[in-house]
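Below, read A as the first sequence line, B as the second, and so on, with proteins coming before strands; counting in each chain starts at 1. Just so we're clear, the structure is a prediction, and the values are computed from it rather than from any experiment. Atoms considered below: every heavy atom in the structure, side chains included; atoms not considered: hydrogens, waters and symmetry mates.
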Amino acid sequence: MAASRGSEKFQNFYDILYIYPENGCLARRCSPCYTLCRISRFDASRGRGAGEVMIDLKLVQKQPEVLAKALADRHSELDVNEFLSLDARRRALLAEVESLRNRRNTASGQVATLRREGKDAAPLRAELGGLSDRIKELDGQTAQARADVEAWLMRVPNIPDASVPVGRDETENVEVARWGRPRAFDFPAREHGDLGTALGGLDFERAARLTGSRFVVSLGWAARLERALVNFFLDRHTRHEDYIEVSPPYMVNRATMTGTGQLPKFEEDLFKLREWEYYLIPTAEVPLTNLHAGEALDEADLPRAYCAATPCFRSEAGSAGKDTRGIIRMHQFTKVEMVRFAHPDDSFNQLELMCGHARQLLELLELPYRVITLCTGDMGFGSAKTYDVEVWLPAQNTYREISSCSNCIDFQARRADIRFKPKGGKTAFVHTLNGSGLPTGRTIAAILENGQQKDGSVVLPKALVPYMDGAEVIEPR
RNA sequence: GGAGGGGUAGCGAAGUGGCCGUAACGCGCUCGACUCGAAAUCGAGUUAUCGGUUAAUAGCCGGUACGUGGGUUCAAAUCCCACCCCCUCCGCCA
């Protein structure tokens, strides 16, 4: 299936990997990620690693360039050779300690036999005296070697799907769809921050006083509009689509953040509690995807869909000076998130479906948008394929991201240990998808800018009128 | 915060130092028998993972895993210590 989608550039790449054809999802199951990143399972509820590191090094030993290429397409700084030496050390230690254990186990069995027969086991016991200490010592070294390997693997990004264009940065993303026509203005379109402030709904000054920059206070119609949008979005997802509404924790532990890929690499993007090993969620994707961490779902339960409206907290480290006007980039914003758990054979269909759900919302809100496929250099860490939906913002005279829909395939499922049991087959990792549907802030920005009139009033989309107690227009005071 | 109970395979649950982790028993699942077909019934099968070997995620050999970590022991699901989570009751509290 991936082969038919595959770009020429990736064709070779995936052909190498067509090794495990039994499960019908060739490219994904054969991706280097599958063989490489069989990272230790951890029990999210307990917040620490519980399993063995699971690595199949053979493929990398034979084809180290496979992973190297994937990393290069991602512009990753990771060096495959570093991994190879780390893992070689791990395996050498493992072989040694395992043979010692074997010796101890057989000898212990002999002691038991001798005792049962009433013979003297003392000499044998004396011989085994120092064995456990030596094993303990080697165990420590092995655990460290394993941790080194694991730490390396946790920083390996997901492998791009064959259909993803190879590219350096956002300039090489590919537009795949466009809906609606940007309105022609017979007056200069005003920026949403100005409009919202003038209409008395947005207050940046007081927010800065309460907290700091990149926060906003919504008042009156703006607060009401935010609530209306949350209800409108959730109603669509739960009444017209198959999503189960969730109200999750807004702060989660370290294992949960690791499960979806925010940690260990992106700690600086997160707000962390000082006295607790808890983090504020940057998106509801984190609690929703981890909802089934450590579980094995019924195959019949797939696909399974959840949605949640939550605040999202982001430090926006590294974006100083970017989007300083308006409410495009806040430390806290409210977003409705969609998450889907899919069968590996079905996940790319589910991506199209879910992206369609996000697009539908914009169409109902009469907001022009376009859809782009992110290239390899612009994709998020955990994603194998991402569509960005971009809404038209007249004041910026451009399309801006309002939803990002990603298929993470088995990347997060492996980290969070989310599996399913196929009928008559071995348990396998599910595929996880997530998408915004939609954030309230950027949606309000788009509604204000696209619906503005010459007198500074804003016409609301018809779909929202019932959610706004019948109000059709936001009037200047 | 205090007292008590609990955490074992996909699920429930037995198991108090070696013959019990290819984990009793039950459910589920897979295959088969019976049946026109199904249900019911009967029979058989069914933990995961790491390392080695290998073309192999097939076999075979070995290791590990009974909430997590540590300790005692030749040997730990089992004994000891600490911690986490769940349940019941008490206290406090939005």
Would a line drawn from the ring center of [X] to the ring center of [Y] be shorter than 6.0 Å?
| X | Y | result |
| --- | --- | --- |
| A:Phe341 | A:His292 | yes |
| A:Phe420 | A:His343 | yes |
| A:His431 | A:Phe411 | no |
| A:Phe271 | A:Tyr279 | no |

Say you pick atom [atom1] in [N] and the same atom in [M]; how far apart are they, in whole Å?
| N | M | atom1 | answer |
| --- | --- | --- | --- |
| B:rG5 | B:rA14 | P | 16 Å |
| B:rG17 | B:rU30 | P | 40 Å |
| B:rC42 | B:rA48 | C1' | 31 Å |
| B:rA9 | B:rG28 | C1' | 12 Å |
| B:rC11 | B:rU49 | P | 15 Å |
| B:rU8 | B:rA65 | C1' | 11 Å |
| B:rU57 | B:rU73 | P | 41 Å |
| B:rG10 | B:rU68 | P | 14 Å |

Expressed in angstrom and rounded to an integer, what is the separation of [X] atom [atom1] from [N] atom [atom2]?
| X | N | atom1 | atom2 | result |
| --- | --- | --- | --- | --- |
| A:Asp139 | B:rG69 | CG | C1' | 13 Å |
| A:Asn253 | B:rC83 | CG | P | 19 Å |
| A:Glu137 | B:rG71 | CD | P | 13 Å |
| A:Arg419 | B:rA9 | CZ | P | 11 Å |
| A:Leu138 | B:rU64 | CG | C1' | 15 Å |
| A:Leu114 | B:rC19 | CG | P | 15 Å |
| A:Ile418 | B:rA48 | CD1 | P | 19 Å |
| A:Ile135 | B:rG51 | CD1 | P | 19 Å |

Residue [X], side-chain heavy atoms: nucleotide from [options] that is nearest:
| X | options | value |
| --- | --- | --- |
| A:Lys136 | B:rA75, B:rG51, B:rU72 | B:rU72 |
| A:Ser108 | B:rA75, B:rG52, B:rG63 | B:rA75 |
| A:Glu98 | B:rC74, B:rG62, B:rG52 | B:rG62 |
| A:Arg101 | B:rU72, B:rU64, B:rC50 | B:rU64 |
| A:Asn102 | B:rC74, B:rG63, B:rU72 | B:rG63 |

Intra- and inter-strand pairs of RNA chain B in dot-bracket (Watson-Crick or G-U wobble, both distances under 3.5 Å; | for another strand): ((((((((.[[[..)..(......]]]((((((.......))))))(((((((.....))))))).[[[[[..)....]]]]])))))))....
First of A:Arg115 and A:Arg125 reached from the 5' end of RNA chain B, by closest nucleotide: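 With A:Arg115 and A:Arg125 compared, the 5'-side residue is A:Arg115.
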Whichever of A:Ser99 and A:Ala95 has its nearest RNA chain B nucleotide further upstream toward 5':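 That would be A:Ala95.
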A:Arg103 vs B:rG63: side-chain N/O to OP1/OP2 distance below 4.0 Å: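 No.
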Phosphate contact (B:rU64 OP1 or OP2) by A:Asn105 side-chain N/O below 4.0 Å: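 The answer is yes; a side-chain N or O of A:Asn105 sits under 4.0 Å from OP1 or OP2.
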Pair A:Tyr306-A:Glu245, side-chain donor/acceptor within less than 3.5 Å: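 No donor-acceptor contact under 3.5 Å links the two side chains.
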Touch class at under 4.0 angstrom, heavy-atom based, for A:Ser132 against every strand present: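 Sugar-phosphate, backbone atoms only, no base.
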N/O donor-acceptor pair, side chain A:Arg91 with base B:rG52, under 3.5 angstrom: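 No such pair is found, so the answer is no.
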Under 3.5 Å donor-acceptor, A:Arg214 side chain and A:Arg329 backbone: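 Checked: pair present.
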Main-chain N/O of A:Glu98 paired to A:Asn102 side chain as donor or acceptor, under 3.5 Å: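 No.
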A:Phe204 atom CZ: more than 12 heavy-atom contacts under 6.0 Å: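 Enclosed.
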From CA spacing to verdict: salt bridge (charged side-chain N to carboxylate O under 4.0 Å, His left out), A:Arg155, A:Glu77: CA-CA 10 Å; A:Arg155 288 166 184 277; A:Glu77 76 287 357; 5.7 Å; no
